[in-house]
**Q** 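Before we start, here is the structure in question, set down as structure tokens.
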Amino acid sequence: MPAKPVTDPFVLHACELLSGVGPCVAKRMFGGWGISTDGMNIAIIAWETLYLKTNATTEPVWLAAGAQPFVYDAKGESMKLNYHTPPHEALESPALMLPWARLALGAAVAARQPSRRARKPAA
């Protein structure tokens with residue numbers, strides 16, 4: 001059965017904003033949306049808010065720009081994921097979003113790489 005086409009205007013807008021890093025695919029995920037490019041999750045939409053993928057290396061850049069982390073409640077505890085809101089002005093155009101989309105894609109690529117501790121020494 002083919003997936004239903006995305007009709008949510010905000011999701012379509014987010015995909016347009018992020019298109020500078022490649023074709024985006026939006027899929028339903030936990031009551032919100034996941035947005036990926038080349039099979040890598042670069043963004044989520046929850047509570048009508050766009051959050052882009054971050055990591056420990058890029059988080060200071062996001063926080064300096066006033067980004068808010070993605071936080072949700074699980075069994076009475078606040079849980080934070082590596083996703084942050086882009087600056088408000090970045091929601092105006094793909095050109096303004098591009099540097100943030102590139103940071104998100106970089107974090108997604110880095111998350112795909114095996115950690116240095118997981119690598120086995122060459123024999």
Side-chain angles (χ1 to χ4, degrees):
M1 177 180 212
K4 291 182 181 179
V6 176
T7 58
D8 184 296
F10 186 66
V11 175
L12 293 170
H13 179 64
C15 286
E16 179 185 348
L17 290 172
L18 297 170
S19 65
V21 294
C24 292
V25 175
K27 293 184 180 176
R28 279 294 204 176
M29 186 176 91
F30 305 114
W33 294 87
I35 299 175
S36 63
T37 187
D38 197 24
M40 294 178 286
N41 289 333
I42 60 168
I44 57 176
I45 296 175
W47 310 292
E48 297 297 317
T49 302
L50 177 65
Y51 297 88
L52 301 184
K53 180 86 172 149
T54 63
N55 59 25
T57 303
T58 63
E59 184 178 41
V61 176
W62 292 91
L63 294 176
Q68 297 299 310
F70 176 77
V71 179
Y72 68 97
D73 186 61
K75 298 181 182 177
E77 287 190 45
S78 291
M79 305 297 287
K80 182 179 130 192
L81 295 182
N82 286 329
Y83 288 88
H84 287 73
T85 57
H88 291 290
E89 62 273 7
L91 296 171
E92 294 176 18
S93 76
L96 293 173
M97 182 63 76
L98 188 57
W100 302 101
R102 286 181 175 151
L103 278 175
L105 180 60
V109 168
R112 270 192 161 176
Q113 304 300 318
S115 71
R116 292 178 187 232
R117 285 178 266 146
R119 293 183 188 162
K120 294 183 180 178

**Q** Closest approach of Arg112 and Asp38, non-hydrogen atoms and distance?
**A** NH2-O, 3.5 Å
**Q** Rounded to the nearest 0.5 Å, what separation is found between the CG atom of Asn82 and the CG atom of Asn41?
**A** 12.5 Å
**Q** Pick out which of Ile45, Val6, Ile44 makes a side-chain contact (heavy atoms from CB on, under 4.5 Å) with Ile35.
**A** Ile45
**Q** Can you tell me how far the NE2 atom of His13 sits from the CE atom of Met97, to the nearest 0.5 Å?
**A** 7.0 Å
**Q** To the nearest 0.5 Å, what is the distance between CH2 (Trp100) and CG (Leu91)?
**A** 11.5 Å
**Q** Got a donor-acceptor contact below 3.5 angstrom from the Thr37 side chain to the Pro23 backbone?
**A** yes
**Q** Leu96, Leu17: one ILVMFWY side-chain cluster at the under-4.5 Å cut-off?
**A** no
**Q** Is there a donor-acceptor pair under 3.5 Å between the side chain of Asn55 and the backbone N or O of Thr57?
**A** yes
**Q** Do you know which two heavy atoms are closest between Phe70 and Ala46, and how far apart they sit?
**A** CE1-CB, 3.5 Å
**Q** Could you tell me which non-hydrogen atom of Cys24 sits nearest to which non-hydrogen atom of Ser19, and how far apart they are?
**A** SG-N, 4.2 Å
**Q** Would you mind listing every salt bridge (Lys or Arg N to Asp or Glu O under 4.0 Å) that reaches into residues 49-67, with sequence neighbours excluded?
**A** Glu59-Lys80
**Q** Applying a strict under-4.5 Å side-chain criterion to I, L, V, M, F, W and Y, I'd like to know whether Trp47 and Phe10 cluster together.
**A** no
**Q** How many angstroms lie between atom CH2 of Trp33 and atom CG of Leu50, to the nearest 0.5 angstrom?
**A** 13.5 Å
**Q** With hydrophobic residues grouped by side-chain heavy-atom distances under 4.5 Å, do Leu63 and Leu103 end up in a single group?
**A** no
**Q** Show your reasoning for whether side chain to side chain contact (heavy atoms under 4.5 Å, CB included) applies to His84 and Thr58.
**A** CA-CA 10 Å; His84 287 73; Thr58 63; over 6 Å; no
**Q** Looking at every heavy atom in both Met29 and Gly34, which two are closest together, and how far apart are they?
**A** CB-N, 3.9 Å
**Q** Locate the shortest heavy-atom distance separating Val25 from Lys27; write the atom from each residue and the value.
**A** CG1-CE, 3.9 Å
**Q** Before we go on, tell me: are the rings of Tyr83 and Tyr51 under 6.0 Å apart, centre to centre?
**A** no
**Q** Ignoring hydrogens, what is the shortest heavy-atom contact between Ala104 and Leu52? Give both atom names and the distance.
**A** CB-CB, 3.9 Å
**Q** Measuring from Ile42:CD1 to Leu18:CG, what's the distance to the nearest 0.5 Å?
**A** 4.5 Å
